[in-house]
Asks: 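The structure is given below, and queries will be raised subsequently.
Just the heavy atoms: all of them, side chains too, but no hydrogens, waters or symmetry mates, feed the values below.
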Amino acid sequence: MTEEVRQAVLEVAAGTEAIRLPQTASGRPGDDQRLAQAAVVTKGGSGRVFQWIIPFLLAGVVALGLTLYYKYEQSVNQEVTALQQQAKKEALAGRYSEAVQLLERAEEQRPRFAALTRDRELAAKAALLKHQLDGASAQLKAKKLDAGEKALKQIADMIGKRQEPLFAPLQKSLAADQVMLTVLRIKGQLDKLTTVDALADKLDTVRGLSGQEAAAVKAQIINKIAGISYSSAEEKLRKKDFAGALEAVDNGLSYAADNPKLTSYRKQISEAKREFEEAEAKRIQLAQQKAAEEELNNRTAAVDVSGVTAVLDDYGDLTISGTVTNTATRPIYSVSVYLHVYSSSSGAYIGDAYANVSPFRLEPGESGSFSTSYYGVYEQAEVSVDNASWYLE
């Protein structure tokens with residue numbers, strides 16, 4: 001209250017008191033006249049004061065009322081805004097039921113606020129979709145893949161192209177469930193896949209997927225590829241197919257580069273290949289040496305002459321016979337034997353004899369015989385083999 005207003009109030013109060021004085025006066029001479037004059041003066045002054053202050057007081061009351069009403073409305077607006085902002089946070093975090101409750105409280109304060117109604121309807125729709133998505137997830141976890149896939153497709157049709165930010169958590173959850181569906185289907189097929197190529201196709205499918213489930217099935221596929229590659233390489237190594245074994249291991253390593261089992265086995269195959277090649281080179285060298293020796297034997301010592309006898313008949317002639325065996329590694333033919341004849345008594349050289357072996361052709365290890373005569377000896381004699389000749393096939 002200003003100083004001027006307070007002064008006016010005091011004047012009004014003074015005027016009121018003066019009006020009451022005549023009723024309580026003692027009636028002394030001259031007082032009535034003075035009081036009447038004072039009353040006239042006061043009445044005129046108070047009238048002027050009331051004419052000025054009453055509108056002012058009414059304006060102040062109205063202003064105070066408006067101020068209080070404005071502050072009340074402002075407080076309600078702040079509360080509604082706070083509820084709306086909190087509901088927005090809850091919706092963006094995927095807690096749609098909580099968002100709906102907050103928006104309903106806000107609508108109680110501002111029932112005709114269209115923005116609140118629109119937000120509540122969107123939040124309620126998102127809450128319903130979340131409930132449906134939770135049901136689809138439960139079906140996937142229960143291995144009801146066909147039913148889960150159908151539910152996910154329906155939800156995807158409803159939220160796949162929604163641009164409102166509050167649907168982002170649902171779209172993220174939908175994508176995760178779609179990944180889970182793909183992973184579960186692949187996991188169900190893994191036991192039936194027995195080739196690297198078939199597994200590689202499934203690996204390509206999960207390469208672009210994210211999440212723990214996708215990472216786990218990816219590791220499972222890679223491990224199975226490594227196992228199949230190892231078994232294939234092991235089988236080829238037993239057959240001394242070193243190139244095939246290395247190819248099988250390298251194929252597995254192209255998918256499982258850090259697999260310690262395959263890496264170690266590749267070194268083992270390479271070492272076995274080196275040892276085999278060294279042994280093979282030695283074997284070939286020995287074979288070549290043996291072949292050369294055999295060739296030399298075939299050409300120089302392909303026959304073994306045994307059982308040579310010389311029988312003197314009554315006419316002084318010698319009948320010489322014996323056996324020839326093919327000791328070569330190849331057939332021989334046209335075998336001939338050259339003989340020296342010596343005196344049994346003096347050891348003196350008597351002469352030479354020549355004989356052909358029958359049959360004409362001898363297989364390796366096969367034996368033939370020869371027989372010839374030496375005439376005019378007239379004494380007992382001994383025969384030695386001087387040489388033999390043959391042809392190799």
Asks: Between Y391 and V335, is there a side-chain heavy-atom distance shorter than 4.5 Å?
Replies: no
Asks: Could you tell me whether a side-chain N or O of N356 sits under 3.5 Å from a main-chain N or O of S336, the two making a donor and an acceptor?
Replies: no
Asks: Do S334 and F360 have side-chain heavy atoms sitting under 4.5 Å apart?
Replies: yes
Asks: Ignoring hydrogens and angles, tell me if any N or O in the side chain of D317 forms a donor-acceptor pair with the backbone of D313 under 3.5 Å.
Replies: no
Asks: Provide the closest heavy-atom pair for T263 versus A257 in the form atom of the first, atom of the second, distance.
Replies: OG1-O, 4.1 Å
Asks: Before giving the answer on side-chain hydrogen bond (donor to acceptor under 3.5 Å, both in side chains), spell out for T323 and S306 the whole-Å C-alpha distance, their side-chain angles and the decisive distance to 0.1 Å.
Replies: CA-CA 5 Å; T323 302; S306 61; 4.9 Å; no
Asks: Quick one, E366 and P359 - any side-chain contact, counting heavy atoms below 4.5 Å?
Replies: yes
Asks: With side chains defined as the heavy atoms from C-beta onward, is the minimum distance between D352 and D386 less than 4.5 Å?
Replies: no
Asks: Which distance, rounded to the nearest 0.5 Å, do you find between the CE of M158 and the CG of L128?
Replies: 7.5 Å
Asks: If you take all heavy atoms of A136 and L152, which pair is closest and at what distance?
Replies: CB-CD2, 3.8 Å
Asks: For the backbone of I228 and the side chain of S232, can you confirm whether one donor and one acceptor N or O come within less than 3.5 Å of each other?
Replies: no
Asks: Could you tell me the separation between the CZ atom of R95 and the NZ atom of K130, rounded to the nearest 0.5 Å?
Replies: 10.0 Å
Asks: Does this structure show an ion pair linking E278 with K282, if we count only N-O contacts that are shorter than 4.0 Å?
Replies: no
Asks: Is the count of non-hydrogen atoms from other residues, nucleotides or ligands lying under 6.0 Å from R105 atom CZ greater than 12?
Replies: no
Asks: Using only atom types and a distance under 3.5 Å, with no angle test, would you say the side chain of E234 pairs donor to acceptor with the backbone of Y265?
Replies: no
Asks: Cation-pi between K236 and F242: NZ/CZ under 6.0 Å from ring centre and within 45° of the ring axis?
Replies: no
Asks: Do side-chain atoms of N326 reach the backbone of L362 as a donor and acceptor pair under 3.5 angstrom?
Replies: yes
Asks: Quick check for you: to the nearest 0.5 Å, what is the distance between Q171 atom CD and R162 atom CZ?
Replies: 9.5 Å
Asks: Ignoring hydrogens and geometry, is there a side-chain-to-backbone donor-acceptor pair from R330 to E393 under 3.5 Å?
Replies: yes
Asks: Shortest non-hydrogen contact from A353 to I320?
Replies: CB-CD1, 4.1 Å
Asks: When you check the side-chain N and O atoms of Q285 and Q289, is any donor under 3.5 Å from an acceptor?
Replies: no
Asks: Decide whether S321 and S371 meet the rule of one side-chain donor and one side-chain acceptor closer than 3.5 Å.
Replies: no
Asks: I want to check something: taking the side chain as every heavy atom from C-beta on, are F370 and V308 in contact at a cut-off of under 4.5 Å?
Replies: yes
Asks: Take atom OH in Y354; do more than 12 heavy atoms of anything else shown fall under 6.0 Å from it?
Replies: yes
Asks: Which heavy-atom pair separates A93 from P169 by the least distance, and what is that distance?
Replies: C-CG, 4.4 Å
Asks: Are any of the side-chain heavy atoms of L246 and R266 separated by less than 4.5 Å?
Replies: yes
Asks: Shared ILVMFWY cluster between L174 and F167, side chains joined below 4.5 angstrom?
Replies: yes
Asks: Would R283 and E280 pass as an ion pair if we require N to O under 4.0 Å?
Replies: yes
Asks: Please determine if E235 and K239 form a salt bridge, counting it only when a charged side-chain N lies under 4.0 Å from a carboxylate O.
Replies: yes
Asks: Mind checking whether V324 and S367 have side chains closer than 4.5 Å, heavy atoms only?
Replies: no
Asks: Could you pull out the closest heavy-atom pair between A91 and Y96, with the gap in Å?
Replies: O-CE2, 3.3 Å
Asks: Within the side chain of K150, is there an N or O that forms a donor-acceptor pair under 3.5 Å with the backbone of L145?
Replies: no
Asks: Evaluate salt bridge (charged side-chain N to carboxylate O under 4.0 Å, His left out) for E271 paired with K267, printing each intermediate quantity in order.
Replies: CA-CA 6 Å; E271 182 65 19; K267 293 179 180 178; over 6 Å; no
Asks: Is there a donor-acceptor contact under 3.5 Å from the side chain of T327 to the main chain of A301?
Replies: yes
Asks: Specify the closest pair of heavy atoms between H340 and Y349, including all atoms of both residues, with the distance to one decimal.
Replies: ND1-CE1, 3.9 Å
Asks: If you measure from CD on E121 to CG on L103, what distance do you get to the nearest 0.5 Å?
Replies: 10.5 Å
Asks: Begin with the C-alpha distance, continue with both residues' side-chain angles, and end with the deciding distance and a verdict on side chain to side chain contact (heavy atoms under 4.5 Å, CB included) for K273 and E277.
Replies: CA-CA 6 Å; K273 179 175 181 290; E277 288 174 347; 2.7 Å; yes
Asks: With heavy-atom distances below 4.5 Å as the criterion, would you say the side chains of W390 and V303 are in contact?
Replies: yes
Asks: Could you tell me whether R185 and E149 have a side-chain N and a carboxylate O separated by less than 4.0 Å?
Replies: yes
Asks: Is there a donor-acceptor pair under 3.5 Å between the side chain of S254 and the backbone N or O of N251?
Replies: yes
Asks: Nearest 0.5 angstrom please: T195 OG1 to L199 CG, how far?
Replies: 6.0 Å
Asks: Taking CG in D157 as the centre, count heavy atoms belonging to other residues, nucleotides or ligands within less than 6.0 Å. Is the count above 12?
Replies: yes
Asks: In Å and rounded to the nearest 0.5 Å, what is the CD to CG distance from E379 to L312?
Replies: 8.5 Å
Asks: Do you see a donor-acceptor pair shorter than 3.5 Å between the side chains of S345 and Q380?
Replies: no
